[in-house]
Engineer: 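Structure incoming, see below.
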Amino acid sequence: MKNLNLITSSETICSQPINHQRVTQTQTDFGSAVSVSSWSSWLLVAVVALLTGPIAQAALPAAINGQAVPSLAPILEQVTPAVVNINTKSVQYVRSRNSEFYSWFYGLPNTPRERVTQSLGSGVIVDAVKGLILTNHHVVKDADDISVVLHDGRTYNATLIGSDDGTDVAVIQIEAENLTALPLADSKALRVGDFVVAVGNPFGLGQTVTSGIVSALGRTSLSGLGFQNFIQTDASINPGNSGGALIDLNGSLVGINTAIFSPSGGNVGIGFAIPSSLAERMMRQLVEFGTVRRGSLGMGVQDITERLAQAFDVGQKQGVLVTSVDTDSPADRAGLQPGDIITQLNGDRINNQKQFQNYEGLLELDRQVTIDYLRNDEAKQVFTLISEADRNELKGQELHALLNGTLLSNLPVQYRNRFQGVLIEEIERNSKAWQLGLRAGDLITSVNKGEISSLKQLSESIKRSSKTPLLNIYRNGRNYLLLLEE
């Protein structure tokens, strides 16, 4: 049995021109028992049968009994001008071992070679006046140049407004007139079985339309992707469709196509789209702040095992057990305690730790959060607010100039029983922080010998420090000290 792979549906071409006329054919192996002569005879008979037999499929009539045959054409005439093709180019400089040897042997300069990577994807115009386009983070990630090709053939250079790896949402902008934008539907109103249409640029062929139904809603626990709440559809989604539109039969945007589940990289009828309601929330933050500001409830949780379910007299294994509550966190302010069992967040049922982390990661700042929980077999509900001080991610430069180029986050819940500190989640190569020796995966465990366990504590410790901050860094089982000075 082949392993099924979950892949994003963009197409990447490295260091070669794009040939839209080249079509890759799939060869079928019929086994060694079929000889060449018998295969040729079989093929000849098949061709003759097709030529002399009746037509297998006739074109649909324009009308049946005087009634026009339903068609998606009127809707697509309004929708397709709002779906664009996105081409990106990234330049990387690489040094080969051979060039290093010849450089050393002959005394020649070791000039790195330029490697150009091109990527194809799709996007959706959502604001015709401002030229805002929704697409996927992985379509524009690390791009040096982004160009947008409109439905009418016009091409424009685009500016990256903001991009979020966690939800795979990005916003780019072009300066153009006479644009068409898609209205955003309320994706929460979708039902399994609703008809949907996917529009995008698969395999670089050009704008393509496919149709299907909503196969499932609220898909989570898909490995390799970030925060998840996907629409699943059987409308054909292929490489190059990433960032394209999933629309309803009213011509409104219900999702942004992002990934497929496939053994070979092609469509097998299992595609995933980011709900428009979630994409709109992320877009609003990216336009306003250039990043997505995530909050944390400030508590540790774990799955409820069979034994724990019996011990807490929980009839079914629903919810997560609270194991710790951070001081002055939203959970603490709501009165939650270790031993409580969280069953719902904002009305959405919580079944396990991974689902809890996923929902927590999608919570916005300055929005009220409703928490349903059990305590001593009694159902309770509380409300709390995640404020700016409760953020779960911060860009390093917000804390200190020398941390520029890093993305810092609170330690994921599943690691808090073994480790303590703030995680350096991402770091830009050759940034100031990189030059100081920091790397992705490092843990900042203390500032000026004072232990920290959250971004909030790290921020407060650096701000109140009257001298150069001294960080304790934990990496691969070892600790070392780092002064934040040039």
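Every heavy atom of this structure was used, including side-chain atoms; hydrogens, water molecules and symmetry mates were not. Sequential numbering from 1 along the given sequence is applied to the chain's residues.
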Engineer: Grab the two heavy atoms, one from S387 and one from R333, that are nearest each other, plus how far apart they are.
Structural biologist: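 What the structure gives for the nearest pair is OG-NH2, 4.3 Å.
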Engineer: If the condition is side chain to side chain donor-acceptor pair (under 3.5 Å), which residues does Q435 pass it with, not counting sequence neighbours?
Structural biologist: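 Q435 satisfies side chain to side chain donor-acceptor pair (under 3.5 Å) with no residue once adjacent residues are dropped.
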Engineer: Using atom types as modelled and distance alone, determine if a side-chain donor or acceptor of Q207 lies under 3.5 Å from a backbone N or O of V83.
Structural biologist: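 Yes, the answer is positive, given that a donor and an acceptor are paired below the 3.5 Å cut-off.
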Engineer: Does some side-chain heavy atom of V126 sit less than 4.5 Å from a side-chain heavy atom of M283?
Structural biologist: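 Yes; the side chains approach each other to less than 4.5 Å.
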Engineer: Output the distance between atom CG (L249) and atom CD1 (I75), rounded to the nearest 0.5 Å.
Structural biologist: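 If we round to the nearest 0.5 Å, L249:CG and I75:CD1 are 5.5 Å apart.
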Engineer: Just checking, is any N or O donor in the side chain of S187 or S277 under 3.5 Å from an acceptor N or O on the other one?
Structural biologist: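 Note: S187 and S277 side chains meet the donor-acceptor criterion.
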Engineer: Closer than 3.5 angstrom, by distance alone: can the side chain of N136 be matched with the main-chain N or O of G243 as a donor-acceptor pair?
Structural biologist: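 Present.
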Engineer: Check step by step if side-chain contact (heavy atoms from CB on, under 4.5 Å) holds for L407 and L394.
Structural biologist: CA-CA 6 Å; L407 178 66; L394 279 176; over 6 Å; no
Engineer: Ignoring hydrogens and angles, tell me if any N or O in the side chain of S122 forms a donor-acceptor pair with the backbone of G240 under 3.5 Å.
Structural biologist: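 Yes, the answer is positive, given that a donor and an acceptor are paired below the 3.5 Å cut-off.
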Engineer: Which pairs would a plain distance check flag for residues 169-182, meaning a side-chain donor or acceptor within less than 3.5 Å of a matching protein atom at least two apart in sequence or in another chain?
Structural biologist:
{"from": "Q173", "atom 1": "NE2", "to": "K130", "atom 2": "O", "distance (Å)": "2.7"}

Engineer: For the CD1 atom of I125 and the CG atom of L150, what is their distance to the nearest 0.5 Å?
Structural biologist: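 CG of L150 is found 5.5 Å from CD1 of I125.
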Engineer: Could you go through D165 and E426, starting from their C-alpha distance and side-chain angles, then the distance that decides it, and tell me whether this counts as side-chain contact (heavy atoms from CB on, under 4.5 Å)?
Structural biologist: CA-CA 11 Å; D165 183 30; E426 298 174 10; 3.9 Å; yes
Engineer: Does one side chain, of S409 or E425, offer a donor that lies under 3.5 Å from an acceptor on the other?
Structural biologist: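 E425 and S409 do have a side-chain donor-acceptor pair below 3.5 Å.
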Engineer: Does a salt bridge link E398 with R391, judged by any charged N lying under 4.0 Å from a carboxylate O?
Structural biologist: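 Yes, E398 and R391 are salt-bridged.
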Engineer: Are V139 and I146 packed together at the side-chain level, in the sense that at least one heavy-atom pair is separated by less than 4.5 angstrom?
Structural biologist: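 SC-SC contact between V139 and I146 ruled out.
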Engineer: Looking at W434 and R439, what are the two nearest heavy atoms and their distance?
Structural biologist: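 W434 and R439 have their closest heavy atoms at O-NH1, 2.9 Å.
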Engineer: Contact between E360 and V369 at the side-chain level, heavy atoms closer than 4.5 Å - yes or no?
Structural biologist: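 The answer is no; the side chains never approach within 4.5 Å.
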Engineer: Between the main-chain N or O of T167 and the side-chain N or O of D164, is there a donor-acceptor pair closer than 3.5 Å?
Structural biologist: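 Yes; judged by distance alone, with no hydrogens or angles, the pair exists.
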Engineer: Taking the side chain from T210 and the backbone from S236, do they hold a donor-acceptor pair closer than 3.5 Å?
Structural biologist: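 Yes, the answer is positive, given that a donor and an acceptor are paired below the 3.5 Å cut-off.
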Engineer: Quick check: closest heavy atoms across A334 and T384, and the distance to 0.1 Å?
Structural biologist: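 Heavy atoms of A334 and T384 come nearest at CB-CB, 3.9 Å.
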Engineer: Could you give me the CA-CA distance, side-chain angles and deciding distance for I231 and L217, then say whether side-chain contact (heavy atoms from CB on, under 4.5 Å) is met?
Structural biologist: CA-CA 5 Å; I231 301 167; L217 295 167; 4.2 Å; yes
Engineer: Atom CG in L120, atom OG1 in T88: separation rounded to 0.5 Å?
Structural biologist: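 It comes to 7.5 Å.
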Engineer: Distance from N410 atom CG to R294 atom CZ, nearest 0.5 Å?
Structural biologist: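 It is 13.0 Å, given to the nearest 0.5 Å.
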Engineer: To the closest 0.5 Å, what do you measure between CG (D442) and OG1 (T406)?
Structural biologist: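 Those atoms lie 10.5 Å apart.
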Engineer: With a distance cut-off below 6.0 Å to the six-membered ring centre and an angular limit of 45° from the axis, does R154 pair with Y156 as a cation-pi contact?
Structural biologist: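 No, cation not above the ring by the 6.0 Å, 45° rule.
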Engineer: Is it true that, when you exclude F289 itself, more than 12 heavy atoms of the residues, nucleotides or ligands shown sit nearer than 6.0 Å to its CZ?
Structural biologist: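 Yes - once you tally the heavy atoms of other residues, nucleotides and ligands closer than 6.0 Å, there are more than 12.
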Engineer: Any chance you could measure S431, atom OG, to N404, atom CG, to the nearest 0.5 Å?
Structural biologist: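 Between atom OG of S431 and atom CG of N404 there are 6.5 Å.
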Engineer: Looking only at atom types and distance, does a side-chain atom of N358 sit under 3.5 Å from a main-chain N or O of Q228, one as donor and one as acceptor?
Structural biologist: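 Judged by distance alone, yes, a pair lies under 3.5 Å.
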Engineer: Is S459 reaching over with its side chain to a backbone N or O of L455, donor-acceptor style, under 3.5 angstrom?
Structural biologist: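 Side chain of S459 to backbone of L455, a donor-acceptor pair under 3.5 Å: no, none is there.
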Engineer: Is there a side-chain contact between D348 and Y359 in this structure, where contact means two heavy atoms from C-beta onward sitting under 4.5 Å apart?
Structural biologist: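 With C-beta onward as the side chain, the pair touches.
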Engineer: Among K141, H138, H137, which residue satisfies the side-chain hydrogen bond (donor to acceptor under 3.5 Å, both in side chains) criterion with D168?
Structural biologist: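 With D168 as partner, side-chain hydrogen bond (donor to acceptor under 3.5 Å, both in side chains) holds for just one option, H138.
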Engineer: Do Y373 and V382 have side chains that approach each other closer than 4.5 Å (heavy atoms only, starting at C-beta)?
Structural biologist: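 They are in side-chain contact.
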Engineer: Assess whether a salt bridge exists between E288 and R284, defined as any Lys/Arg side-chain N lying under 4.0 Å from an Asp/Glu carboxylate O.
Structural biologist: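 Between R284 and E288 there is no salt bridge, as every charged N stays at least 4.0 Å from the carboxylate O atoms.
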Engineer: Using a 4.5 Å cut-off on heavy atoms from C-beta on, say whether the side chain of L443 contacts that of L423.
Structural biologist: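 They are in contact (side-chain heavy atoms under 4.5 Å apart), so the answer is yes.
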Engineer: Can you see whether N352 engages D303 through a side-chain donor-acceptor pair at a distance of less than 3.5 angstrom?
Structural biologist: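 Per modelled atom types, N352 and D303 side chains form no pair under 3.5 Å.
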Engineer: Would you mind reporting whether I213 and D234 have side-chain heavy atoms less than 4.5 Å apart?
Structural biologist: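 When only atoms from C-beta onward are counted, I213 and D234 do touch, with a gap below 4.5 Å.
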Engineer: Does D127 reach the main-chain N or O of G131 with its side chain, forming a donor-acceptor pair under 3.5 Å?
Structural biologist: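 Side chain of D127 to backbone of G131: no pair is present.
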Engineer: Between the main-chain N or O of A245 and the side-chain N or O of N257, is there a donor-acceptor pair closer than 3.5 Å?
Structural biologist: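 Yes, because the side chain of N257 sits within donor-acceptor range (under 3.5 Å) of the backbone of A245.
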Engineer: Measure from the side-chain N and O atoms of E280 to the backbone N and O of S276, and report whether any donor-acceptor pair falls under 3.5 Å.
Structural biologist: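 Looks like no, no N/O pair under 3.5 Å.
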Engineer: Show your reasoning for whether side-chain contact (heavy atoms from CB on, under 4.5 Å) applies to V148 and N85.
Structural biologist: CA-CA 6 Å; V148 171; N85 298 343; over 6 Å; no
Engineer: Which heavy atom of A216 sits nearest to which heavy atom of V192, and what is that distance?
Structural biologist: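 Between these two residues, the closest heavy atoms are CA-CG2, 3.9 Å.
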Engineer: For the residue pair L72 and V197, establish whether any side-chain heavy-atom pair is separated by less than 4.5 Å.
Structural biologist: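 The answer is yes, as the side chains (C-beta and beyond) meet within the 4.5 Å cut-off.
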Engineer: Below 4.0 angstrom, N of the basic side chain to O of the carboxylate: do E364 and R293 qualify?
Structural biologist: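 Salt bridge: no.
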Engineer: For a quick test of reading the model, state the closest non-hydrogen atom pair linking A279 to I256 and the distance between them.
Structural biologist: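 Taking A279 first and I256 second, the nearest heavy atoms are CB-CG1, 4.3 Å.
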Engineer: Could you check whether Q344 and R349, counting side-chain N and O atoms only, form a donor-acceptor pair closer than 3.5 Å?
Structural biologist: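 No, no side-chain donor-acceptor contact under 3.5 Å.
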Engineer: Identify the heavy atoms of I386 and S296 that sit nearest to each other, and give their distance.
Structural biologist: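 In terms of heavy atoms, the two residues are closest at CG2-N, 3.9 Å.
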